[in-house]
*Asks:* 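Have a look at this one.
Counting starts at 1 for both ligands and their atoms, following the listed order. Please read these numbers as outputs of a predicted model, since none were measured by experiment. Counting begins at 1 with the first residue of the sequence.
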Amino acid sequence: MAASGAPPFRHLLGIAPLETGEIEALLDTADGFVELNRRSDKKLALLRGLTQINLFFESSTRTRTSFELAGKRLGADVVNMSVGVSAIKKGETLIDTAMTLNAMHPDVLVVRHHDSGAVALLARHVRCAVINAGDGSHEHPTQALLDALTIRRRMGRIRDLTIAICGDIAHSRVARSNILLLTRLGAQVRLVAPPTLLPAGMDRQYGVAVFHDMRAGLEGADIVMMLRLQTERMQGSFVPSLREYFHLYGLTWEKLETARSDALIMHPGPMNRGVEIDGVVADDINRSAILDQVEMGVAVRMACLDHLTRHLRAAP
Ligand code: CP
């Protein structure tokens, strides 16, 4: 994993700093953990004696729970800091909070924050590994890794697949991390969104194709990855109405007709049923990989914790 400081302080702040080989190694390690997680005895002692603190400034179901399970299954002592009842509520700054936690000698901090760049800022003030669990609309690296693992296991490969990422691209850290990762691993990525939700120039910046018409964007696609309409990050109106948005960009069987007949349907969750995806499509057990994504999340987060703490375990 690319170091963002002199070893041994290595972080996972985004997909951008990772080498392709490091991404593949993480996916290979996670693959092994999938099998472990399906056993009745899921416990390993790889992280025994190490301390992981989960610090979430934004709400989360999947990411926070899976990081907690991941740490516990690897034998770490896991602490979930509740921002709502912490000194942050009394006005303590992000840096002061980071330095306070750092003084307790954690080995890994898992951080989600509503501001892009906040996790990288925090990482500069601590002497342990920091994992970005989502920062603003910037990156959500472990989501992209679990999406890649889901695709690799379901389709057998990522290279040369046509992957349509659809919806609120503008506010989506999931989209950004997935674009970086999937293009790096050789997929043909398309972005499908209304012009108000798709920043200009992304085609040139990321080497992707851009579509504003859903049926055209899905034509021949192997994977259809839907994104949540992130109304909490919107200032002003980006869509005329939710009903109109669903009519034009909501995933239905009818719009899926132009995709491959076996195209896999993905969504990072949480879903807005009837806004970006029809509930009937989301629940189709043959076509939807949405719950697979949740399962892969635990394995991928175990792999990240494992890789980031190997240097600690190697020490005499
Ligand atoms: N996909 C995702 O990050 O979900 P949560 O907000 O529930 O963690």
*Asks:* Give the atom numbers and elements of ligand 1 that come within less than 4.0 Å of a heavy atom of Thr61.
*Replies:* 5 (P), 7 (O), 8 (O)
*Asks:* What atoms of ligand 1 come within less than 4.0 Å of a heavy atom belonging to Gln143?
*Replies:* 1 (N), 2 (C)
*Asks:* Looking at non-hydrogen atoms alone, which of Gly297, Pro270, Pro268, Ser66 comes nearest to atom 1 (N) of ligand 1?
*Replies:* Pro268
*Asks:* I'd like to know if Glu257 and Arg215 make a salt bridge, using a cut-off of under 4.0 Å between side-chain N and carboxylate O.
*Replies:* no
*Asks:* Considering Arg112, His267, Gln293, Arg62 one by one, which has a heavy atom nearer to atom 3 (O) of ligand 1 than any of the others?
*Replies:* Arg112
*Asks:* Below 4.0 angstrom, N of the basic side chain to O of the carboxylate: do Glu24 and Arg159 qualify?
*Replies:* no
*Asks:* Does Arg112 reach the main-chain N or O of His140 with its side chain, forming a donor-acceptor pair under 3.5 Å?
*Replies:* no
*Asks:* Any atoms of ligand 1 less than 4.0 Å from a non-hydrogen atom of Gly269? List them with their elements.
*Replies:* 1 (N), 2 (C), 4 (O)
*Asks:* What part of Glu58, side chain from CB on, backbone N/CA/C/O, both or neither, has a heavy atom under 4.0 Å from ligand 1?
*Replies:* neither
*Asks:* Below 4.0 angstrom, N of the basic side chain to O of the carboxylate: do Arg154 and Asp292 qualify?
*Replies:* yes
*Asks:* For Arg260, does the CZ atom sit with more than 12 other heavy atoms under 6.0 Å from it, leaving out its own atoms?
*Replies:* no
*Asks:* Is it the case that over 12 heavy atoms from other parts of the model lie below 6.0 angstrom from the CZ atom of Arg204?
*Replies:* no
*Asks:* Could an N or O of ligand 1 be found under 3.5 Å from any N or O of Arg64, whether backbone or side chain?
*Replies:* no
